[in-house]
Each structure stands twice: as C-alpha cells, then as structure tokens.
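All chains are named by letter (A, B, ...) in the order of the sequence lines, taking the proteins before the strands, and each is independently numbered beginning at 1. Since this is a predicted model, take the numbers as computed values, not measurements.
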2 protein chains.
Amino acid sequence: MSQLNIEDIARLAGVSRSTVSRVLNDHPSVRPAVRDRVWQVINEHGYAPQAAARHLVTQRTRIIGVLFPRSDNFLLANPIFASIGQGIGRACAQRGYIAMLSLSLRDMEQKVLLDMLRSRHFDGIVLVSSEQNDPMPLFLKQARIPYTRIGYDPEQEDPHYVAIDEVEAAYKAVKHLIALGHKRIGIIQGPAWEACTPARYNGYKKAMEEAGLPIDPELVEEGDWTHTSGNDAMRQLLYLKRPPTAVFATNDMMAAGALHALYERGLRVPEDMAIVGFDDVPQTIVVIPPLTTIRQPSIEMGMRATEMLIDLLEGKEGQPSHIILPTTLVVRQSCGAKPQHIQFPQKRQESASLDGH
Amino acid sequence: MSQLNIEDIARLAGVSRSTVSRVLNDHPSVRPAVRDRVWQVINEHGYAPQAAARHLVTQRTRIIGVLFPRSDNFLLANPIFASIGQGIGRACAQRGYIAMLSLSLRDMEQKVLLDMLRSRHFDGIVLVSSEQNDPMPLFLKQARIPYTRIGYDPEQEDPHYVAIDEVEAAYKAVKHLIALGHKRIGIIQGPAWEACTPARYNGYKKAMEEAGLPIDPELVEEGDWTHTSGNDAMRQLLYLKRPPTAVFATNDMMAAGALHALYERGLRVPEDMAIVGFDDVPQTIVVIPPLTTIRQPSIEMGMRATEMLIDLLEGKEGQPSHIILPTTLVVRQSCGAKPQHIQFPQKRQESASLDGH
DNA sequence: TTGTAAGCGTTATCAC
DNA sequence: GTGATAACGCTTACAA
C-alpha cells in the first residue's frame with residue numbers, strides 16, 4: 001500500500017489534484033506535457049487511486065457480481081459453470097469491468113449475503129440459475145439491483161435473461177436415439193427443483209410421442225447433476241427386467257456416471273447401450289467412449305448475459321430482453337448406429353476394440 | 001438500490017446518524033430500546049450501509065482477494081483449486097470476511113490487474129501459486145499488500161505460506177510402488193516452471209536411489225497437469241521397448257489421463273500397470289479403477305492460509321510463519337499387490353471383474 | 001487548460 | 001448514552 005494519495009501525486013507533479021484526476025480518467029483537456037509528467041510521477045510511485053473513494057463519489061464500482069447456485073461446490077459438480085464464468089469474465093474485461101465471484105456463499109449467513117448485495121459492492125449481478133422460483137431474482141428486484149439471468153424460469157419471467165430452448169434441445173437428443181432405431185429409451189433427469197428439468201423432460205416426451213413410443217415411468221430416473229448420481233441412476237435402470245437400450249442423461253456428468261455404471265457391469269457403449277449427454281463440457285471427450293451430447297454455448301451465454309447487463313448499466317438498453325441461444329447435437333461415439341438387444345447380465349469381452357489404438 | 005442513507009434512517013428513527021452507526025457496528029453504548037427501534041427502521045427499508053463510504057473511512061474492506069494461477073481455466077484443469085477455494089471461503093466466512101475471486105484474470109491486461117490490487121479493493125491476498133519465481137509475490141511486497149501463499153517456492157521464501165512437504169509426499173508414493181515389487185517405475189511430472197515439479201521429482205529420485213533402482217530418463221515424462229497431457233505421456237511410455245510396470249503421476253488428472261491411455265490400449269490396471277496419483281481430488285474415486293494417490297489436505301490448506309492472512313491483518317501475528325501440512329498415502333485400487341511383466345500389446349479380457357457388481 | 005471547492009456516505013472523536 | 005463535526009480520498013461543477 002503506497003500511502004500516497006492524489007494530493008501527494010499532485011504536489012510531486014506540480015499540479016492540482018483535479019489535473020491528476022483528469023489524467024487518471026483520460027479527460028481530454030490536459031496539456032500533453034502535463035499529462036506525461038503526471039503519468040511519470042504516478043508510475044514512479046506505483047500510485048493507483050483508491051477504489052473506495054472513487055466509488056463513493058461516482059456511485060459506481062465497475063464491478064459485476066457473479067452469483068452461482070450453491071457456489072462452493074458448483075465447481076466440483078458441473079464444469080459448465082466454469083465455462084459460463086469464463087464468458088462472463090471475458091465480456092467484463094472487454095468492457096472495462098471486473099467480474100467478482102464470492103467464494104463459498106454457502107458458508108455465509110443469508111443476511112450477510114444479502115447485505116453484501118445491498119451495500120453496492122457491485123454495479124450489477126449476473127445470476128446463474130435455472131432454479132425454479134429461485135428467491136434471488138425477487139430479492140434483486142426489491143433491492144433494485146440490476147441483474148441479468150443465465151437460465152430461464154417460466155414461473156418468474158425475469159426481464160433480462162439468456163437461455164436455450166430446453167425443450168427443443170432435449171427433443172433433438174432423444175430424436176437422435178430414435179433415429180438410430182431405439183425404442184426403449186430411458187432418461188436420467190436433473191433435480192426436480194431446476195426449471196430446466198421439466199422442460200427437458202418435455203422434450204423427451206415430445207420426441208417419444210411423436211415417434212409413437214410409450215413412456216415407461218420405470219425408465220425415468222432422477223439425479224442431482226453429479227457423476228455419482230448418474231452412476232446410481234444407471235444402476236437402477238440396469239436392475240430392471242427390461243432395461244432401456246438407450247439413455248438420455250440431462251447433463252454430461254451424469255452421462256459419465258452412467259458410462260461408469262455400464263463399464264462396471266461389463267456392458268459396452270454403444271453396442272449394449274447408447275448414451276446421449278447434455279452440455280458438452282470438456283470432459284465429454286475424455287470419457288470412454290467420447291459422448292454424443294447436446295452442446296450449450298456456455299461461454300457465449302456468459303458473455304451475452306454480461307454484455308446485456310453492462311448495456312443495462314450504461315443505459316444503452318432499458319427494455320426487457322430475452323436471448324435464446326442455439327444448441328447443437330454433437331455426435332461422437334456413445335450412440336453408434338444400430339441398437340442391439342441387451343444381453344443381461346453379461347461380461348465385457350474385447351472391449352478394447354471400442355477405441356482401436 | 002434503496003436510495004436511503006444513514007441520515008435518512010436516523011431521521012426516520014428519530015436519532016442522530018452517530019447512533020445509527022453505533023447500532024450498525026454493534027457498539028455497546030446504545031439503549032436497547034433505541035437499538036431495537038433503529039434496527040426496525042433499517043429492516044423495514046432494507047437499508048445496508050454503502051460499502052464504499054465505509055471502506056473510505058475505515059481504510060479496510062474486509063474483503064480478501066484470491067489469486068489463482070491462470071485463473072480462467074484453473075477450474076477446468078485441476079479440481080484441487082476448487083477445494084482450496086472452498087477452504088478459503090469457509091475461513092473467511094468464519095472470521096467475517098468475504099473472499100472474492102476475480103474471474104478471467106487472463107483476459108485482463110497486466111496493468112489493469114495490478115491497478116486493481118493496488119487500489120485497495122482487498123485487505124489482503126491469498127495467492128495460490130507454486131510457480132517458480134512467480135512475479136506476483138514480489139509485486140505484492142513492493143506494493144505492501146499483505147498476502148499469504150499456498151505453495152512454496154524455495155527461490156522466493158515468502159514470509160507467510162502454507163505448503164506440504166513435496167519431496168516426502170512423492171517419496172511416499174514411489175516407495176509404495178517399490179514395496180509392491182515394482183522396479184521399473186515411470187514418472188509423469190508437472191510443468192517445469194512449477195516449483196513443486198523438481199521437488200516431487202526429488203522425492204521420486206530419493207525413493208528409487210534408496211531402493212538401489214536406476215532412474216531411466218526414458219521413463220520421465222512431462223505433462224501440464226491436464227488429463228490430456230497425462231494421456232499423451234502414458235502413450236509415450238507405452239511406445240517404449242521396455243515400458244515401466246508402474247507410473248507415478250504427479251497429479252490426479254494426469255493419472256486419470258494415463259488410465260485412459262491404458263484402457264485404450266487394452267491394458268489392465270493394476271494388473272498390467274500400477275498407477276499412483278497426487279492430490280486426491282474427488283474425481284479420483286470415480287475413475288476406474290479408483291486411484292491410489294497422495295492426499296493433499298487442500299481444504300485445510302485454504303483455511304490455514306486464510307486464517308494466517310487474517311491474523312496478519314488484525315495484527316495478531318506479525319512474524320513470518322510457514323505451515324507444512326501433512327500428506328497421506330490413500331491406497332485404493334490402482335496399484336494392486338504384485339506387479340506382473342507387461343505383455344504388450346495385449347487386449348483386455350474379463351476386466352469387468354475389476355469391480356465386481 | 002487549470003485550480004478551487006463542494007460533496008459522496010460513512011466512522012470516529014469529541015463534547016455534553 | 002447521545003449528538004455535532006471533522007475526516008477519509010476521490011470526482012466534478014464552476015471559476016479563472
């Protein structure tokens with residue numbers, strides 16, 4: 001902490017503090033010679049204006065708060081948040097803002113968290129949440145804190161959000177399985193309190209109904225996004241008298257867990273069971289076999305939500321706006337071509353041929 | 001943003017702003033009746049004191065900055081950072097601080113980052129870095145910003161750090177392999193610019209030498225901590241005329257990548273090749289087979305470094321202090337008991353029996 | 001183009 | 001136990 005303040009710099013440069021302030025803020029009306037001299041003094045002493053004083057007078061911080069759901073283990077549970085965060089950070093950097101993420105929100109008391117938001121640390125919030133009836137949007141509205149949301153909750157209708165068409169995305173995934181000839185298709189869903197869960201289920205249902213396939217409630221499992229829960233869900237499906245020949249997991253981590261369960265049972269993918277995931281996180285290609293999945297443009301989602309927020313803050317755009325970004329089916333190796341009847345239980349043989357060399 | 005300030009609250013409660021301030025700061029000398037009335041007004045209006053004003057006058061923010069290396073993909077590359085972050089956040093919450101992480105440091109210009117640090121957003125910094133000659137500590141010292149470091153660089157001798165005994169930890173890992181009878185042991189190291197890389201290599205060397213085993217330079221590979229690089233490194237080792245029978249990977253992600261390479265080649269773990277990892281991240285038990293690894297107490301490392309920093313900030317402890325936390329060998333299933341001569345190339349059979357049901 | 005001075009919303013030091 | 005009042009370090013009219 002260089003103890004110098006703007007006054008000191010002014011004195012050292014032989015100008016007034018207004019001039020130093022102008023230099024600092026790139027105000028045009030400063031003589032080049034003066035400007036250079038001031039910068040030199042500033043750099044010489046490693047001076048930087050104190051954020052608090054600046055924030056107090058401008059009433060803006062140029063800091064954007066990022067709220068992730070259950071922040072302290074989101075990193076562990078689902079790498080898609082990392083990509084979203086990356087997009088948020090990148091957009092902030094481009095526009096001269098700083099994205100700040102508070103660690104371990106779960107360990108903070110509710111009141112502490114709310115007070116933090118109310119105390120104007122942040123100019124605005126990017127809320128990453130597809131939780132149904134998440135209380136946060138309501139709070140932010142009441143506290144008149146500008147925010148944009150990544151994720152869509154039909155119950156809340158946030159004025160500014162970016163999302164994907166969940167129904168259509170899930171529909172594409174299941175349709176892919178159907179096109180490959182599968183008729184008995186299971187689904188491993190996310191938790192019920194996520195708004196995207198019923199939406200993705202509806203996509204599944206739509207594809208099934210359209211193909212004239214029945215939906216067997218036995219084939220509907222629920223996980224909590226984690227690898228472990230995907231593993232458990234797949235085990236349940238394998239216990240069935242008539243297991244599915246294909247499974248749609250509504251995120252990649254659960255899909256990976258499902259793969260794991262199949263491996264443990266000596267079943268081959270895609271020969272014995274086809275799997276489609278959702279998200280297209282990096283891990284998806286690292287798993288064996290690489291996952292066919294629905295790609296969410298997560299980095300772009302982060303960027304768009306952030307740009308939308310900054311536009312809002314800078315008054316460029318006051319109207320409500322909803323951005324729906326496109327998803328794509330990424331075909332890799334976990335679905336193969338033709339389904340076979342499952343032989344169960346069965347040990348794996350020659351599985352090394354799955355991925356040649 | 002409730003536009004109210006402390007003055008407004010004072011007026012509404014029929015007191016002076018000093019009294020409101022006392023209430024806000026839990027100052028004892030306020031009559032209970034008055035205190036209650038003030039709180040009621042505060043809560044009624046959702047008032048929270050503006051951080052900037054408070055920071056300006058107190059010259060403290062109660063915010064701790066967290067610096068991760070190459071912050072924007074640290075999440076993706078190595079989940080151990082998530083655990084460390086969790087520890088930092090938890091300790092902050094306990095002591096009434098907020099841990100803030102700036103997203104996407106890589107996208108910020110260097111000057112912007114340094115100015116952010118200099119502008120006193122943070123009371124102090126927890127620096128997570130084992131990079132050799134990381135320039136950040138030097139900068140922080142010059143700018144007189146209090147910091148503690150997680151990770152140790154013998155070249156820098158930071159006054160406050162928490163770390164593990166890297167040499168001993170690696171030694172334990174390799175010794176475990178030796179005890180199982182392995183003689184030809186490879187190592188997949190981290191990048192050379194990490195201070196822990198030579199240290200872990202030294203542990204490997206020590207164990208080998210102690211057992212009278214030669215170190216074959218062919219068996220020394222370098223990765224960059226990622227799954228992919230571990231995969232590549234293992235492939236290299238498998239190309240050798242005389243591949244190792246066991247490999248020590250200096251983090252779990254690379255170990256998982258190595259597992260992947262073995263799987264692709266149809267080799268069994270631990271029958272054909274034993275693997276030890278390092279870190280003990282959650283993914284370690286999710287991989288097949290679950291990894292034997294060296295456990296770093298990552299959450300505790302985050303907590304201890306944070307507590308140390310806060311003690312420093314609150315003047316409880318000015319002396320340099322170094323905390324070395326213990327590591328433990330966690331034996332799971334990737335090393336097995338007795339090594340066999342590798343039959344190469346060979347297809348996997350009956351691997352399903354690896355993990356029964 | 002530059003300087004003077006007011007004010008941002010708190011806390012803290014005094015009196016009372 | 002309570003209330004004036006002076007900082008804190010900046011930005012920003014307004015004057016010069």
Exercise. Can you check whether A/Ser21 has a side-chain N or O nearer than 4.0 Å to OP1 or OP2 of D/dT11?
Worked result: yes

Exercise. When the distance from CD1 of B/Ile9 to P of D/dT2 is rounded to whole Å, what number comes out?
Worked result: 17 Å

Problem set entry | For atom CG of A/Asp8 and atom P of D/dG9, their distance in whole Å | 9 Å

Exercise. Given atom CG of A/Leu24 and atom C1' of D/dT12, what is their separation to the nearest angstrom?
Worked result: 14 Å

Problem set entry | Presence of A/Asn5 side-chain N/O under 4.0 Å of D/dC8 phosphate oxygens OP1/OP2 | no

Problem set entry | Euclidean distance, A/Leu12 CG relative to A/Ile42 CD1, rounded to 0.5 Å | 11.0 Å

For this session: Between B/His27 and A/Arg22, just flag the one whose closest nucleotide in DNA chain D comes earlier from the 5' side.
Result: B/His27

Exercise. Of the candidate nucleotides D/dT2, D/dT12, C/dG9, which contains the atom at the shortest distance from the side chain of B/Gln50?
Worked result: C/dG9

Exercise. What's the CD-C1' distance between B/Glu7 and D/dA6, to the nearest Å?
Worked result: 15 Å

Exercise. Salt bridge or not for A/Arg95 and A/Asp311, using N-O below 4.0 Å?
Worked result: yes

Problem set entry | OP1 or OP2 of D/dT11 under 4.0 Å from side-chain N/O of A/Arg54 | yes

Exercise. Within this structure, what is the CG-to-P distance between B/Asn25 and C/dG9, rounded to whole angstrom?
Worked result: 17 Å

Exercise. Does B/Thr19 make a side-chain N or O approach to OP1 or OP2 of D/dG3 shorter than 4.0 Å?
Worked result: yes

Problem set entry | Minimum-distance nucleotide to A/Ala53 side chain [options: D/dT12, C/dT11, D/dC10] | D/dC10

For this session: Using modelled atom types only, decide if a donor and an acceptor are shared between the side chain of A/Asp158 and the backbone of A/Tyr161 within a distance under 3.5 Å.
Result: no

Exercise. Does a side-chain N-to-carboxylate-O contact under 4.0 Å join A/Glu109 and A/Lys111?
Worked result: no

Exercise. Of the candidate nucleotides C/dT2, D/dG3, C/dT10, which contains the atom at the shortest distance from the side chain of B/Arg17?
Worked result: C/dT10

Exercise. Within the pair B/Gln59 and D/dA7, is there a side-chain N or O less than 4.0 Å away from OP1 or OP2?
Worked result: no

Exercise. OP1 or OP2 of C/dT10 less than 4.0 angstrom from a side-chain nitrogen or oxygen of B/Tyr47, does that happen here?
Worked result: yes

Exercise. Using a cut-off of 4.0 Å on non-hydrogen atoms, how would the nucleic acid contact of A/Ser29 be classed: base, sugar-phosphate, or nothing?
Worked result: base

For this session: Check whether the side chain of A/Thr58 and the base of D/dT12 form a donor-acceptor pair under 3.5 Å.
Result: no

Problem set entry | Between C/dT10 (P) and A/His121 (NE2): distance, integer Å | 13 Å

Exercise. Below 4.5 Å, heavy atoms only, C-beta onward: do A/His160 and A/Arg149 meet side chain to side chain?
Worked result: no

Problem set entry | Phosphate OP1/OP2 of C/dG3 contacted by A/Ser16 side-chain N/O (<4.0 Å) | yes

Exercise. Hey, is the main chain of B/Thr61 close enough, under 3.5 Å, to the side chain of B/Asp123 for a donor-acceptor pair?
Worked result: yes

For this session: Provide, to the nearest angstrom, the distance between the NE2 atom belonging to A/His55 and the P atom belonging to D/dC10.
Result: 12 Å

For this session: Send over the distance from A/Ile42 CD1 to D/dC10 C1', rounded to a whole Å.
Result: 13 Å

